[in-house]
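We name chains A, B, ... by the order of the sequence lines, and we start the count at 1 in each one.
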Amino acid sequence: MTDWTRRQIGGLIGGALLAVAAPHIVRGQGRAKIVVIGGGIGGATVARYLGDMKSIDVTLVEPNSNHVTCFFSNLYLAGLRSLASLTFGLETLAEGYGITIIRDSAVAIDPVGRAVELRGGTKLSYDRLVVAPGVAFKFGEIEGYDEAAAKIMPHAWIAGPQSELLRRQLESMEDGGVFVIAAPPNPFRCPPAPYERASLVACYFKQFKPRSKILILDAKDKFSGQELFQDAWSRHYPGMIEWLPSQFTGAIKAVDVAARSVVTEGETFRAAVANIIPAQKAGLIGEKAGLIDASGWCPVDPVTFESTLQPGIHVVGDSIIGGDMPKSAFSANSQAKACAFAIAASLTGSPQFPPHLFNSCYTFLAPDDAFTNALTFAPEGGRIKTVKMFISKVGESAEVRRRTAHHAVGWYSAFTADVFGGGS
Amino acid sequence: MTTPIPRVMVPGSVRKNEVFTVKAIIQHQMETGLRTDSAGKTIPRKIINQFVCRYGGLEVFRTDLHEAVSANPFLEFQLLATENGRLEFSWREDGGATYSLFHDILVT
Ligand SMILES: Cc1cc2nc3c(=O)[nH]c(=O)nc-3n(C[C@H](O)[C@H](O)[C@H](O)COP(=O)(O)OP(=O)(O)OC[C@H]3O[C@@H](n4cnc5c(N)ncnc54)[C@H](O)[C@@H]3O)c2cc1C
């Protein structure tokens, strides 16, 4: 089932986009100008699929020269994967798909004049704008946790330097230390990932620092894949991982950076290494452009991914209110394809079809033990709703889990090739 | 298979005749005995079936737990502070193992 979903999305949707849209494009006034803000998973995918079309001129704005994928970054933290193997440049998109890449940040959007202003001063006009800035953190919600504190107690929730910092801290931690993970409230980027992180760091500890412990202080009372994780923790890392729900601790109130401690309502926990994953909201440009609502996220039309607040601007990826779709790379990629299709259809006057949306995630419990889920979604009553769902079960054989871990590695290379171009 | 980890949260000191809150949690799978493994064999029941709290040697709170209770059972209850003393907590598992903790409370 997972294989089916994976191939379906790369092959069919990409194919459908070209087959339906390309032949119909007739434009008197030159090429349509599309600007994409954010060269992460959602933005790169939109750019790539629109860049395939000759009649569309695509400009991608991204401040970083490389993208380090969050997915598989927990393997890096456990010493099982290099950061270089998770790093992708945008050159292939530029060279292979004729996309103009601008290394800068968008600082303002003028929805009426249809222009984007960049930090460097450049102004870009657009016919359609796609915004895919990922998540931003609600610093300040945990007292004492701000950008400076994150240099000592990393979040490592945007992969790159933060991941390297956390890895260094874990490496230099003495055996017998407590690694505290503060898990965020819903909704947040990649619901199973804090617990995947606990699993893989436990795998590292088991081998190199066997007396160490992991303490998860959760802002929630339950979490995604809980049964699967707890089964795995007792099988692979008995006695090493402790999970405390918010109802027990009374939730995280503050951090004391100097003491490396995490303060909950009831008790203060000292950490040898602390990983604070704060509450999240849509990427900051969303706020400036009037794309967010009171929830802190961007409401969109589930067929076209056009903002319901600002016409002509589409939003995809973690920043949106995705209904039943989780904030995942797979979701961002699937939404991006639907969005590219919708933009192409509207520019050509072709009919708009409701998109088929997918998510499939692989989650590692140990290097040779992974679980998976696969879901399909469709718009219904203005919302994205789950249509079908598959999830691994507790009690699957070791062989099934080994195969899933193997599939995950294959998925990673196929998926990143789909997003950043090249390969497959 | 599991290695249960018990933990309690109790204030360090309380005023005399004040009601205080005790929170208790144990990391435990609460295996119901109703599931089968990948070979189709039933996984035997293994749950925490009883929790007891003593205050100064006196039993002040007891509860039986059953299969329907979720993994990592969490309990919250209140006690009246009478005098300095030891709070003892114990969780009893199917098969007879018990997991215990104590906490000395200062009554001012
Ligand atoms: C530990 C971890 C594990 C994960 N594992 C998985 C997994 O196994 N499977 C899965 O599907 N997902 C996984 N995810 C989630 C996945 O990484 C995200 O959902 C995905 O990256 C979202 O894509 P996005 O395009 O919305 O945001 P991003 O990929 O974060 O891209 C946003 C981009 O926008 C840029 N940007 C921001 N603001 C501006 C601006 N003003 N101007 C220009 N550019 C801007 C940023 O620099 C960034 O490059 C994981 C996440 C974490 C943290």
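- Contacts of V10(B) with chain A are absent, with no heavy-atom separation under 4.5 Å from either backbone or side chain.
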Take F371(A) and Y362(A) through the ring pair (Phe, Tyr, Trp, His ring centres under 6.0 Å) test and state the conclusion after the steps. CA-CA 6 Å; F371(A) 72 86; Y362(A) 292 94; 9.7 Å; no
Could you pull out all donor-acceptor pairs under 3.5 Å where a side-chain atom in residues 178-185 of chain A meets a protein atom, sequence neighbours excluded?
none

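- For the pair F364(A) and N74(A), the minimum side-chain heavy-atom distance is 4.5 Å or more.
- In this structure, T3(B) OG1 and E242(A) CD are separated by 12.0 Å, a value rounded to the nearest 0.5 Å.
- Between F71(A) and F330(A), the ring center distance fails the sub-6.0 Å criterion.
- The closest side-chain donor-acceptor pair between E93(B) and H28(B) falls under 3.5 angstrom.
- Ranked by heavy-atom pairs shorter than 4.5 Å toward chain A, the options P11(B), S38(B), G12(B) are led by S38(B).
- Using a distance-only test at 3.5 Å, with no hydrogens or angles considered, no donor-acceptor pair links the side chain of R45(B) to the main chain of T32(B).
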Evaluate ring pair (Phe, Tyr, Trp, His ring centres under 6.0 Å) for W91(B) paired with F51(B), printing each intermediate quantity in order. CA-CA 5 Å; W91(B) 289 259; F51(B) 170 82; 5.1 Å; yes
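- Distance alone, capped at 3.5 Å, places no donor-acceptor pair between the T386(A) side chain and the D324(A) backbone.
- At a 4.5 Å heavy-atom cutoff, the contact between E396(A) and chain B is made by backbone atoms alone.
- Inspection of the N275(A) and H155(A) side chains reveals no N or O donor paired with an N or O acceptor under 3.5 Å.
- A 4.5 Å side-chain heavy-atom check between T372(A) and S360(A) finds at least one atom pair inside the cut-off.
- Chosen from T249(A), D231(A), I241(A), V400(A), the residue pairing most often with chain B at heavy-atom distances under 4.5 Å is D231(A).
- A distance of 6.0 Å or more separates the ring centres of F72(A) and Y76(A).
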Could you check V201(A) against L170(A) for side chain to side chain contact (heavy atoms under 4.5 Å, CB included), going step by step and ending with a plain yes or no? CA-CA 8 Å; V201(A) 171; L170(A) 290 169; 3.9 Å; yes
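- Interface remark: R7(B) contributes backbone and side-chain atoms alike to the contact with chain A (heavy atom separation under 4.5 Å).
- Between D94(B) and K46(B) there is no salt bridge, since no side-chain N of the basic residue sits under 4.0 Å from a carboxylate O of the acidic one.
- Residues of residues 19-26 of chain B that come closer than 4.5 Å to chain A, counting heavy atoms only, are K23(B), A24(B), I25(B), ordered by residue number.
- Applying a 4.5 Å heavy-atom cutoff, the residues of residues 59-77 of chain B that approach chain A are A71(B), N72(B), F74(B), E76(B).
- Identified by a heavy-atom distance below 4.5 Å to chain B, the contributing residues of residues 211-228 of chain A are L215(A), Q226(A), E227(A), in residue-number order.
- Between D175(A) and K209(A) no salt bridge is recorded (no basic side-chain N to carboxylate O distance below 4.0 Å).
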